Amino acid sequence: MESVGVLMTCPMHSYIQEELAKRFNLFKLWHFPSFAAFAEVHGNSVRAVVASVKVGVDAAAIDSLPKLEIVSTYSVGYDNIDLRKCREKDIPVTNTPNVLTDDVADLAIALALSLFCRISHSPRSNSAPHITPKLSGKAVGIIGLGRIGWAIARRAEAFGCPIGYHSRSEKAESGYKYYSNVLDLAAESEVLVVACTLTPETRHIVNRGVLDALGPKGILINIGRGPHVDEAELVWALREGRVGGAGLDVFEKEPDVREELVRLENVVLTPHVGSDTVETCMAMAELVIANLEAHFLGNPLLTPII
Ligand SMILES: O=CC(=O)O
C-alpha cells in the first residue's frame, strides 16, 4: 500500500506517524501553509485522511480531495468531521472507540481527586493545616452514560459515591438513578461530570442555571468537549463562589485556555490529554491503521461511524 496517499491533518503521537509512514505515502498537512495550498499540489493523490481532535476535516477540505475514499480519526469524538458531506460523497468515517475509555475515566477521577484533595496546592511541609473535603461518598452526576460515562460511574462507585446520570434515554440496566433533566441532576450532585458527545443539542448543556444548581460546594469535571460548558458563565460562577471548583481537560476555544481559568485557585486544568497514555496512543494508532488497511483490502471496517 506504499503508493496509497494518506494525509495526516496535524502532528500526533510519533508512533502513529512512524507506522503510517511505513505503510503509506504519507502527507503532513502542517508542512503546508493551508489546506488549499496543500490541495493545489497534492489534492489528487490523497485517498485517506487521518484526522484528530486538534484538526478535523470540514466540507471544503473534503471537496478539495477528489480521490478521497475514507476518513479515519485518531479520536473517539468526531464532532470536527463533516459527516453530512462524507455521507453525501459516500466516504466512510472511522474512529477509535473502546481503547481510550479507561484513560478518560481515570482522568475524570484524577481531576476530582486533585480538586477535592487540593493535591497541586498541598504545602510541601506539614507546618500549615491542610484539611480538605473528601471524594469518597460524594454524589456523582454524569451527563452522558455512554462507554466513558459508564466507566466513570464504575470508578466512582468504588469510592462509595452514589451515582446519578442524565442521557437521552434511561438505561435501567445500569441501576443508577436517571434524571431526564440536567438541572435536577446538577441540583442533586456534588460532582458533575460531562461525558456526553458534542452535538448541537449538548452545546452549552452546562449553562448558568446548571452551574447554580450544582452550587458552591459542587465541582464540575469536563472530559467531554469544551463547548459543552458555557465557559464565560463558568468563570463567573467560579469567581463568585457560586460553584466550588472545576477540573477541565477540554476548553471552548482549544488550544487556547482563558487566562481567568489559569489564574483561579479552585480550578485544575489539563490540556486535552484524556487519552494520551503510551499504551492508548499505540492502541489508537493500531485501530486507525487497521481501519485503513481493511478499507484498502476491501474488508469490513473495524469501527465505522458511517
Ligand atoms: O477527546 C478525545 C477523543 O475524542 O478521542
Side-chain angles (χ1 to χ4, degrees), residues 1-13 15-30 32 35-36 38-101 104 144 146-148 168 196-202 224-225 274-275 280-306:
M1 294 187 197
E2 290 89 350
S3 63
V4 172
V6 172
L7 171 67
M8 282 181 90
T9 59
C10 61
M12 299 174 201
H13 189 270
Y15 182 75
I16 185 166
Q17 290 187 201
E18 286 159 17
E19 293 303 309
L20 284 170
K22 280 184 205 162
R23 294 166 171 80
F24 302 101
N25 177 19
L26 190 63
F27 295 101
K28 296 174 177 173
L29 184 58
W30 61 100
F32 294 81
F35 208 105
F38 168 81
E40 206 177 303
V41 188
H42 297 293
N44 274 315
S45 309
V46 173
R47 294 174 64 193
V49 167
V50 174
S52 88
V53 287
K54 295 194 181 84
V55 184
V57 266
D58 61 15
I62 294 164
D63 275 336
S64 68
L65 303 173
K67 305 271 167 57
L68 183 62
E69 294 173 34
I70 180 167
V71 174
S72 187
T73 186
Y74 178 70
S75 62
V76 67
Y78 42 85
D79 46 279
N80 61 1
I81 294 170
D82 194 317
L83 292 189
R84 195 191 50 79
K85 177 59 81 179
C86 289
R87 268 197 199 96
E88 182 189 307
K89 300 191 98 170
D90 234 355
I91 294 171
V93 178
T94 67
N95 67 342
T96 58
N98 303 316
V99 292
L100 46 66
T101 302
V104 181
R147 280 179 292 256
I148 292 174
R168 270 170 305 188
C196 56
T197 308
L198 181 64
T199 62
E201 294 74 41
T202 62
R225 286 287 185 265
S275 54
T280 295
C281 286
M282 290 174 77
M284 288 165 69
E286 273 152 25
L287 197 45
V288 166
I289 290 165
N291 274 304
L292 293 180
E293 288 181 337
H295 172 80
F296 289 112
L297 291 170
N299 293 331
L301 297 173
L302 283 82
T303 49
I305 300 160
I306 57 168

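Not measured: the values here are computed from a predicted model. For this chain, numbers begin at 1 and follow the sequence in order.
With a 4.5 Å cut-off on side-chain heavy atoms, F24 and S3 do not count as touching. For the pair F35 and L7, the minimum side-chain heavy-atom distance is below 4.5 Å. Between I16 and V50 the shortest side-chain heavy-atom distance falls below 4.5 Å. Within the 4.5 Å cutoff, the side chain of L65 has heavy atoms near those of the V49 side chain. A heavy-atom distance below 4.5 Å is not found between the side chains of L29 and C10. The shortest distance between side-chain heavy atoms of C86 and I62 falls below 4.5 Å. Using a 4.5 Å heavy-atom threshold, the side chains of F27 and V6 count as separate.
Summarising the geometry of L287 relative to P97, their closest heavy-atom pair is CD2-O, 3.9 Å, with the distance given to 0.1 Å. Considering all non-hydrogen atoms of both residues, T9 and G56 come closest at CG2-O, 3.9 Å. The two residues A294 and P300 have their closest heavy-atom pair at CB-O, 3.4 Å. Considering every non-hydrogen atom in both S275 and V104, the closest pair reads N-CG2, 4.4 Å. In terms of heavy atoms, L20 sits closest to L292 at CD2-CD1, 3.8 Å. A pairwise comparison of heavy atoms in Q17 and P11 identifies OE1-CA, 3.4 Å as the closest pair.
Separating the CG atom in L302 from the OG1 atom in T94 is a distance of 8.5 Å, to the nearest 0.5 Å. If you take CD on E69 and NE2 on H295, they are separated by 4.0 Å, rounding to the nearest 0.5 Å. To the nearest 0.5 Å, the span separating NZ on K67 from OG on S45 amounts to 7.5 Å. The OG1 atom of T199 sits 4.0 Å away from atom CD of E201, with the distance rounded to the nearest 0.5 Å. Here the straight-line distance linking atom CG of D90 with atom CD1 of I70 works out to 12.0 Å at 0.5 Å rounding. To the nearest 0.5 Å, atom CZ of residue R87 and atom CD1 of residue I306 are 5.0 Å apart.
Using a distance-only test at 3.5 Å, with no hydrogens or angles considered, no donor-acceptor pair links the side chain of N95 to the main chain of S72. When atom types are taken as modelled, the side chain of N80 and the backbone of S52 share a donor-acceptor pair closer than 3.5 angstrom. Proximity of a side-chain donor or acceptor of T96 to a complementary backbone N or O of S75 within less than 3.5 Å is detected.
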Working for side-chain contact (heavy atoms from CB on, under 4.5 Å), residues N98 and R147: CA-CA 7 Å; N98 303 316; R147 280 179 292 256; 2.8 Å; yes
From CA spacing to verdict: side-chain contact (heavy atoms from CB on, under 4.5 Å), F38, S64: CA-CA 10 Å; F38 168 81; S64 68; over 6 Å; no
Residues R23, E2; criterion salt bridge (Lys or Arg N to Asp or Glu O under 4.0 Å); working and verdict: CA-CA 5 Å; R23 294 166 171 80; E2 290 89 350; over 6 Å; no
Test log, rule side chain to side chain donor-acceptor pair (under 3.5 Å), inputs N291 and T303: CA-CA 7 Å; N291 274 304; T303 49; 2.8 Å; yes
side-chain contact (heavy atoms from CB on, under 4.5 Å) between V53 and D79, intermediate numbers included: CA-CA 8 Å; V53 287; D79 46 279; over 6 Å; no
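Within 6.0 Å of the CD atom in E88, the count of heavy atoms belonging to other residues, nucleotides or ligands exceeds 12. For K89, the NZ atom counts as densely surrounded, since its 6.0 Å shell holds more than 12 non-hydrogen atoms of other residues, nucleotides or ligands.
For F32 and H42, the gap between ring centers is short of 6.0 Å.
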